[in-house]
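Here it is: the structure, laid out below.
Here is how names work: the chains are called A, B, and so on, in the same order as the sequence lines, proteins then strands, and each is numbered from 1. These figures come from a predicted structure and were not determined experimentally.
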Amino acid sequence: MLDMKFIRDNLDETDRRLRTRGGESLLDGFRELDEKRRTLLKEGEALKALRNSVSDVIGRTKDKSQVQDKILEMREVSQKIKVMDEELNQVDEQMNSFMLTVPNLPHASTPIGSSEQDNVLVRSWGEPKQLSFAAIAHWDLGENLGILDFERGAKITGARFTLYRGAGARLERALLNLMLDLHTDAHGYQEVLPPFMVNRDSMQGTGQLPKFEDDLFKLVDPDFFLIPTAEVPVTNIHRGEILKKSDLPISYCAYTPCFRREAGSYGKDTRGLIRQHQFNKVELVKFVHPSESDAALETLTGHAEKVLQLLELPYRVMALCSGDIGFSSAKTYDLEVWLPGQSCYREISSCSNFGDFQARRASIRFREDEKAKPEFVHTLNGSGLAVGRTLVAILENYQQEDGSVMVPKVLRPYMGGLERITLPN
RNA sequence: GGAGAGAUGGCCGAGUAGGUCGAAGGCGCUCGCCUGCUAAGCGAGUAUACUGGGAAACCGGUAUCGAGGGUUCGAAUCCCUCUCUCUCCGCCA
């Protein structure tokens, strides 16, 4: 959420910056609504002030018959207040739901652009592997090796669900452990294991609601949602809190499964593990002092990159343009890993600085010093990494001409020493 | 699932025949004094949001005692609904 006062004082500039996201104005009607709200507020509060002071007099008067006329008068005032409050509530609600649908301001360093095409290459690491034979896509590799069973996944649940078996299941678990160990031991994150379902307030705190309910899996009875990313429960750890400045920065990493409806992506990536309704991810989340968030995005992105480097998977870093960054994000770097089976780079991590956008929604604050007013922290997060897609990258990059797949050296201790996943006899 | 208890400020904890309660007291914290260290002592201060005025310091208004609604001139205090926490019983990975 943006700061209402900031919008009020900088309406044109805010509008201009928001337009870089998609062109259309996102602030229509703000001024009228804001003025209406403040007028109602002012009038209502004046009446309440009157009622409070007169009620005080009534309270002090022992003989109520002396103030009978005042009581009658206040009865009418209270009626008026009630009417005005109702109107104000409506306006407040309108304002609130309006504010919740306004996306974050793009960061000054976010490239201006309208689509994916305008994303900017920041750097790349490793050479895209040129295989000496025809690359096989991971879905075929996985099925041939008997480690990915798409048919049975679909039978058990439906499309975009997959059954992992044997070395495949082990490989997924190995990746999880490698990532968690790296981020906790080497990068200083505290591991957390949060709930995989969250309530509506949490979804609103990080920005998934109210706008993107269609993308979520929702429970029928309690009003809970399956998390689409660990960002939601982990960022909401500190919802409604005032943190100590000395606690910052706070760095969490978490493994969770992620559940996404993928509505609107029918026909896209229908084969393989790239786009699933359920996938595993290790997420990095930071709460930092506002002056630190720019630098924190760089280090956080570096932490995600480190996983790819350890696995020796070629990748590139893209700065998303204003038209491509997410609703809550001010600045985003995507890590894209090279996939020989598709001869292209595919997103494997998304690292974002949200500025104070999520912190304002979720009310996560700190004090500069003991007496200072609370200020909003800045929040960041990034995938470190999407595990399913990492497994895809390993299968495709480490595939051998005989159809087997080498296990990256760094993973072998996690795989019971296994060096190669071979075809079943 | 059944029975009961409870939710007050950073923490603990008063406050139920409705008014002078944004809320006693204690702890913690901040500033000052005192004490040649430490501790103790003394004094003052110490919630948040919105809103009006002011360059600012700051001053004023409104709201908030789990959430929402009701009764009333007036509610932390009465009534209703919901949520959460705790205890006991049952069930269970």
Point to revise | A24(B) and A44(B), which share atom name P, separated by this distance in whole Å | key: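 Per the computed distance, 15 Å lies between those P atoms.
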
Review point. Between atom CG in Asp223(A) and atom C1' in C84(B), what is the gap in whole Å?
Key: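 Distance check: Asp223(A) CG to C84(B) C1' gives 16 Å.
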
Practice item. Could you work out which one of G61(B), A49(B), U20(B) sits closest to the side chain of Glu45(A)? Key: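 When the side chain of Glu45(A) is considered, G61(B) is the closest of G61(B), A49(B), U20(B).
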
Check your understanding: Can you tell me how far C1' of U62(B) sits from CG of Asp92(A), to the nearest Å?
Key ->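 After rounding, the reported distance stands at 13 Å.
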
Review point. Does OP1 or OP2 of U72(B) have a side-chain N or O of Arg75(A) closer than 4.0 Å?
Key: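 No, outside the criterion.
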
Point to revise | Salt bridge flag under 4.0 Å for residues Asp223(A) and Arg200(A) | key: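 Yes.
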
Check your understanding: Under 4.0 Å: is that the gap between some side-chain N or O of Asn52(A) and OP1 or OP2 of A63(B)?
Key ->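 Checking Asn52(A) against A63(B): at least one side-chain N or O falls below 4.0 Å of OP1 or OP2.
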
Exercise for review: Identify whether any heavy atom of Lys62(A) sits under 4.0 Å from a base atom; if not, whether one sits that close to sugar-phosphate; answer base, sugar-phosphate or nothing.
Suggested key: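 Nothing: the residue Lys62(A), judged by heavy atoms under 4.0 Å, touches no strand.
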
Exercise for review: Determine the interatomic distance between P on U16(B) and the same-named atom on C11(B); round to the nearest Å.
Suggested key: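 Taking atom P in both U16(B) and C11(B), they lie 22 Å apart.
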
Check your understanding: If we take the P atom in both C80(B) and G28(B), what is their distance in whole Å?
Key ->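 Going atom to atom, P in each nucleotide, I get 41 Å.
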
Point to revise | Nearest-Å distance for atom pair CD/P, residues Glu73(A) and C73(B) | key: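 It works out to 13 Å between those atoms.
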
Review point. When the distance from CZ of Arg361(A) to P of A49(B) is rounded to whole Å, what number comes out?
Key: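 Checked: the CZ to P distance equals 19 Å.
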
Point to revise | Rounded distance in Å between the C1' positions of G60(B) and A7(B) | key: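 Pairwise C1' distance, G60(B) against A7(B), rounds to 33 Å.
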
Exercise for review: Searching all strands shown, indicate the nucleotide that pairs with A63(B) (Watson-Crick or G-U wobble; both distances under 3.5 Å).
Suggested key: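 For A63(B), the partner nucleotide comes out as U48(B), under the 3.5 Å rule.
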
Exercise for review: Quick one: look up who U35(B) pairs with, Watson-Crick or G-U, both distances under 3.5 Å, and put none if it's unpaired.
Suggested key: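 The base-pairing partner of U35(B), which may sit in any strand shown, does not exist here.
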
Point to revise | Counterpart base for U83(B), defined by Watson-Crick or G-U wobble contacts under 3.5 Å | key: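 Answer to the pairing question: A7(B), which forms a Watson-Crick or G-U pair with U83(B).
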
Practice item. Please determine if a side-chain N or O atom of Arg37(A) lies less than 4.0 Å away from the OP1 or OP2 oxygen of U51(B). Key: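 So the side chain of Arg37(A) is within the cut-off, an N or O lying under 4.0 Å from OP1 or OP2 of U51(B).
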
Check your understanding: Checking all strands, does Lys244(A) fall into the base, sugar-phosphate, or nothing category for heavy-atom contacts under 4.0 angstrom?
Key ->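 Nothing, no heavy atom under 4.0 Å.
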
Review point. Looking only at atom C1', what distance separates A57(B) and G18(B), rounded to whole Å?
Key: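 Nearest-Å result for A57(B) against G18(B) at atom C1': 40 Å.
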
Check your understanding: Whole-Å distance between A56(B) P and Lys373(A) NZ?
Key ->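 Answer to the nearest Å: 13 Å.
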
**Study point:** Closest listed nucleotide, where the reference is the side chain of Arg365(A) and the choices are U20(B), A63(B), U48(B)
**Key:**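 Selected nucleotide (nearest to the side chain): U48(B).
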
Exercise for review: Could you check which nucleotide pairs with A55(B) in any of the strands shown, counting Watson-Crick or G-U wobble with both distances under 3.5 Å?
Suggested key: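 Base-paired to nothing in any strand shown.
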
Point to revise | Distance below 4.0 Å between Lys70(A) side-chain N/O and G74(B) OP1 or OP2 | key: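 No, because none of the side-chain N or O atoms of Lys70(A) sits under 4.0 Å from OP1 or OP2 of G74(B).
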
Review point. Starting at the 5' end of RNA chain B and moving along, which residue's nearest nucleotide shows up first, Gly59(A) or Leu72(A)?
Key: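 Going by which nucleotide is closer to the 5' end, it is Gly59(A).
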
Practice item. Give a yes/no answer on whether the side chain of Ser78(A) brings an N or O atom under 4.0 Å of OP1 or OP2 in U72(B). Key: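 Looking at the OP1 and OP2 atoms of U72(B), neither is under 4.0 Å from any side-chain N or O of Ser78(A).
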
Review point. What's the CD1-P distance between Ile7(A) and C50(B), to the nearest Å?
Key: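 Checked: the CD1 to P distance equals 13 Å.
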
Check your understanding: Could you give the CG-to-C1' distance, from Asp85(A) to G69(B), as a whole number of Å?
Key ->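 My rounded result for the distance is 13 Å.
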
**Study point:** Whole-angstrom distance between A75(B) and U20(B), as gauged at atom P
**Key:**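 Their P atoms lie roughly 10 Å apart.
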
**Study point:** Between A93(B) and A3(B) - P atom distance, rounded Å
**Key:**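 Here A3(B) and A93(B) have their P atoms 25 Å from each other.
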
Practice item. May I ask you to say what Leu41(A) touches in the nucleic acid, namely base, sugar-phosphate or nothing, with a heavy-atom cut-off under 4.0 Å? Key: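 The answer is sugar-phosphate, as Leu41(A) gets under 4.0 Å only of primed atoms, P, OP1 or OP2.
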
Review point. Which comes earlier along RNA chain B counting from the 5' end, the contact point of Val54(A) or that of Ile242(A), where each point is its nearest nucleotide?
Key: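 The answer here is Ile242(A).
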
Exercise for review: Indicate whether OP1 or OP2 belonging to C50(B) is found under 4.0 Å from a side-chain N or O atom of Arg38(A).
Suggested key: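 No, because none of the side-chain N or O atoms of Arg38(A) sits under 4.0 Å from OP1 or OP2 of C50(B).
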
**Study point:** Carboxylate-amine/guanidinium proximity below 4.0 Å for Glu151(A) and Lys155(A)
**Key:**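 Salt bridge between Glu151(A) and Lys155(A), a charged N being under 4.0 Å from a carboxylate O: no.
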
**Study point:** Glu368(A) bridged to Lys245(A) by N-O distance under 4.0 Å
**Key:**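 Salt bridge flag = yes for Lys245(A) with Glu368(A).
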
Review point. Which nucleotide sits closest to the side chain of Lys5(A): U62(B), C73(B), U51(B)?
Key: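 Per side-chain heavy atoms of Lys5(A), the pick is U51(B).
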
Practice item. Using a strict 4.0 Å threshold on nitrogen-to-oxygen distance, state whether Lys36(A) and Asp92(A) make a salt bridge. Key: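 Asp92(A) and Lys36(A): not salt-bridged.
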
Check your understanding: To the nearest angstrom, how far is Ile81(A) atom CD1 from A63(B) atom P?
Key ->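 One finds 8 Å between P of A63(B) and CD1 of Ile81(A), rounded.
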
Review point. If pairing requires Watson-Crick or G-U wobble contacts with both distances under 3.5 Å, which nucleotide is the partner of U16(B)?
Key: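 None - no nucleotide pairs with U16(B), as no candidate has both distances under 3.5 Å.
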
**Study point:** Cation-pi, Phe354(A) ring and Lys331(A) (6.0 angstrom, 45 degrees)
**Key:**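 Lys331(A) over Phe354(A) ring: no.
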
**Study point:** Full working for side chain to side chain contact (heavy atoms under 4.5 Å, CB included) between Tyr398(A) and Arg420(A)
**Key:** CA-CA 9 Å; Tyr398(A) 282 85; Arg420(A) 184 195 288 263; over 6 Å; no

**Study point:** Side-chain N,O (Arg8(A)) to OP1/OP2 (C50(B)) below 4.0 Å
**Key:**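 Negative; the distance criterion is not met.
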
Practice item. Ignoring the backbone of Lys82(A), work out which of G70(B), G19(B), A63(B) is nearest its side chain. Key: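 For Lys82(A), the side-chain atoms sit closest to G70(B).
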
Practice item. Take atom P in A14(B) and the same atom in C89(B), then report the distance between them in whole Å. Key: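 A14(B) and C89(B) have their P atoms separated by 27 Å.
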
Point to revise | C88(B) pairs with, by Watson-Crick or G-U criteria that keep both distances under 3.5 Å | key: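 Its partner is G2(B) (Watson-Crick or G-U wobble, both distances under 3.5 Å).
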
Check your understanding: Can you find a side chain N or O atom of Arg367(A) that sits less than 4.0 Å from OP1 or OP2 on A47(B)?
Key ->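 False: Arg367(A) side-chain N/O out of range (4.0 Å or more) of A47(B) OP1/OP2.
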
Review point. Would you call Asp15(A) and Arg19(A) a salt bridge, taking side-chain N to carboxylate O under 4.0 Å as the test?
Key: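 Salt bridge present between Asp15(A) and Arg19(A).
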
Practice item. For U72(B), give its Watson-Crick or G-U wobble partner with both distances under 3.5 Å, or none. Key: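 Result: none.
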
Practice item. Using the ring of Phe150(A) (Phe, Tyr or Trp, six-membered ring only), decide whether Arg271(A) places NZ or CZ under 6.0 Å from its centre and within 45 degrees of its axis. Key: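 So Arg271(A) doesn't make the cation-pi contact.
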
